[in-house]
Q: 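For reference, the structure I am asking about is given below.
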Protein chains: 2
Amino acid sequence: MKSPAELTETFRANGLKVTPQRQLLFGLMHGNTVHPTAEALFAEASARMPGISLRTVYQTLTDLASMGELRLIDVGTGATRFDPNTDDHHHVVCSSCGEVRDVYVAGSDRLKVDGLDGFRIEEASILFSGTCVTCASDTVSRASARG
Amino acid sequence: MKSPAELTETFRANGLKVTPQRQLLFGLMHGNTVHPTAEALFAEASARMPGISLRTVYQTLTDLASMGELRLIDVGTGATRFDPNTDDHHHVVCSSCGEVRDVYVAGSDRLKVDGLDGFRIEEASILFSGTCVTCASDTVSRASARG
DNA sequence: TGTTAGTTCGCACTCTTTGCAGATTGACAA
DNA sequence: TTGTCAATCTGCAAAGAGTGCGAACTAACA
Ligand SMILES: [Mn+2]
Ligand SMILES: [Mn+2]
Ligand SMILES: [Zn+2]
Ligand SMILES: [Zn+2]
């Protein structure tokens, strides 16, 4: 995703207005690596700008996505997650706490796929699931507390 | 997924009853390759057994899934899809019509993943998206009709 | 045939996201 | 600065996908 300053120009160049709500969200998403949900962003935004609406958060996020500045990620935990990282990358989700991290997979664009039968592939997304370090050590602590 | 006859035994062996609704759903899912949604199955089931409830379809499907007989697939088109194919395989979804097909990816269990940072991976699922043969030829037809 | 634990079904309700419309305001020009 | 007006914001209703609950029902077994 571009920087807030660059987005300001891009928005105006496209006939879109740069409102305080949008500027706030530009800032909250820039460099954000946690893959937040709309609700999570709404909570952060509300702390800094009481009165901002969830509707506006959704609006701005989908605007950014349709401009290619944001990727929408579905890790199967219910709500869509928003990702300012537009590199070619994939994700791993902790099945215990839901944390999502970026991972880079070598050769993910030249996988050998069988059974296509004429289907033309345009994109591949890999979702790993497992256990994050925090949840792994929590499990260990609980086990030793028991035993 | 096991055959309807085998499932009948398995269910009874686990203290679960084999009702007409369940038998119908066993039959509808066995060998089914279309990755139907609960609603789609409900429509098929209703045609053969008027009065069956959507609630029961969901119930039976999640029972089968928790017994490992069915996989739940999320291809990002809204509703969960149910898959009796328990082989190690992946999916491709047509971004135009939503059709889902099985694909087999060589070496999908030994991908080189960078950025894990302690995260322990237990599973990988690859979702390809693209255009199915039907939608591809539809596009061609429309183009030649225009031009 | 009786007993009873497991099922079915309808309905209310949650969660996430979108549609709508009136009130508001950013951007640009005079 | 001020005016204009399209774009935006907000609140609320509503849609789509599931799930929790409980009264009525029934498969399984003695
Ligand atoms: Mn990411
Ligand atoms: Mn499949
Ligand atoms: Zn975790
Ligand atoms: Zn298609």
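Computed from a predicted model, the values in this text were never measured in an experiment. Residue numbers begin at 1 in each chain, while the letters A, B, ... track the order of the sequences.
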Q: Under a 3.5 Å threshold, yes or no: a donor from one side chain and an acceptor from the other, between B:His35 and B:Asn85?
A: no
Q: Separation of B:Leu24 atom CG from C:dT8 atom C1', in whole Å?
A: 14 Å
Q: Given D:dT10, C:dG26, C:dC11, identify the nucleotide with an atom nearest to the side chain of B:Arg55.
A: C:dC11
Q: Verify the distance criterion only: is there a donor paired with an acceptor across the side chains of A:Thr8 and A:Gln23 at less than 3.5 Å?
A: no
Q: Under 4.0 angstrom, heavy atoms only, what part of the nucleic acid is B:Glu39 near: base, sugar-phosphate, or nothing?
A: nothing
Q: Taking the nucleotide of DNA chain D with the nearest heavy atom to each, does B:Ala79 or A:Leu16 sit closer to the 5' end?
A: A:Leu16
Q: Are A:Arg12 and C:dA27 close enough that a side-chain N or O sits under 4.0 Å from OP1 or OP2?
A: yes
Q: Would you indicate, yes or no, if C:dC9 has its OP1 or OP2 atom less than 4.0 angstrom from a side-chain nitrogen or oxygen of B:Thr56?
A: yes
Q: As an exercise, state the distance from CD of A:Glu99 to OG1 of A:Thr77, rounded to the nearest 0.5 Å.
A: 12.0 Å
Q: Do the side chains of A:Phe119 and A:Val113 get nearer than 4.5 Å, heavy atoms only?
A: no
Q: Any base atoms under 4.0 Å from B:Leu54, or only sugar-phosphate, or nothing? Heavy atoms, all strands.
A: nothing
Q: Any idea which of D:dT19, C:dT16, D:dA27 is nearest the A:Tyr58 side chain?
A: C:dT16
Q: For the pair made of CG in B:Asp63 and C1' in C:dT8, what is the distance, rounded to whole Å?
A: 12 Å
Q: Grab the CD-C1' distance between A:Gln59 and C:dT16 for me, whole Å please.
A: 15 Å
Q: Tell me the interatomic distance from A:Asp74, atom CG, to C:dT16, atom P, rounded to whole angstroms.
A: 12 Å
Q: Just call it for B:Thr19: base, sugar-phosphate, or nothing, with non-hydrogen atoms closer than 4.0 Å on any strand.
A: sugar-phosphate
Q: In this structure, how many angstroms lie between the P atom of D:dG16 and the CZ atom of B:Arg81, rounded?
A: 16 Å
Q: What is the separation between atom CG on B:Asn14 and atom C1' on D:dA28, rounded to the nearest whole Å?
A: 15 Å
Q: With a 4.0 Å limit, can you tell me whether B:Arg22 has a side-chain N or O closer than that to the phosphate oxygens OP1/OP2 of C:dT8?
A: yes
Q: Would you indicate which nucleotide in C:dA5, C:dT18, D:dT10 comes nearest to any side-chain atom of B:Lys17?
A: C:dA5
Q: Nearest whole angstrom, please: distance from the P of D:dC25 to the CD1 of B:Ile52.
A: 18 Å
Q: Kindly compute the distance separating CZ (A:Phe128) from CG (B:Leu116), expressed to the nearest 0.5 Å.
A: 7.5 Å
Q: Just to confirm, is there a sub-4.0 Å distance from OP1 or OP2 of C:dT25 to any side-chain nitrogen or oxygen of A:Gln21?
A: no
Q: Map A:Gly51 and B:Thr80 onto DNA chain D by nearest heavy atom, then report which one ends up closer to the 5' terminus.
A: A:Gly51
Q: Rounded to whole angstrom units, what separation is found between the CD atom of A:Gln23 and the P atom of D:dT8?
A: 13 Å
Q: Hey, does B:Thr37 reach any base, or is it just sugar-phosphate, or nothing, if we go heavy atoms under 4.0 Å?
A: nothing
Q: Check whether the ring centres of A:Phe11 and A:Phe26 lie less than 6.0 Å apart, and answer yes or no.
A: yes
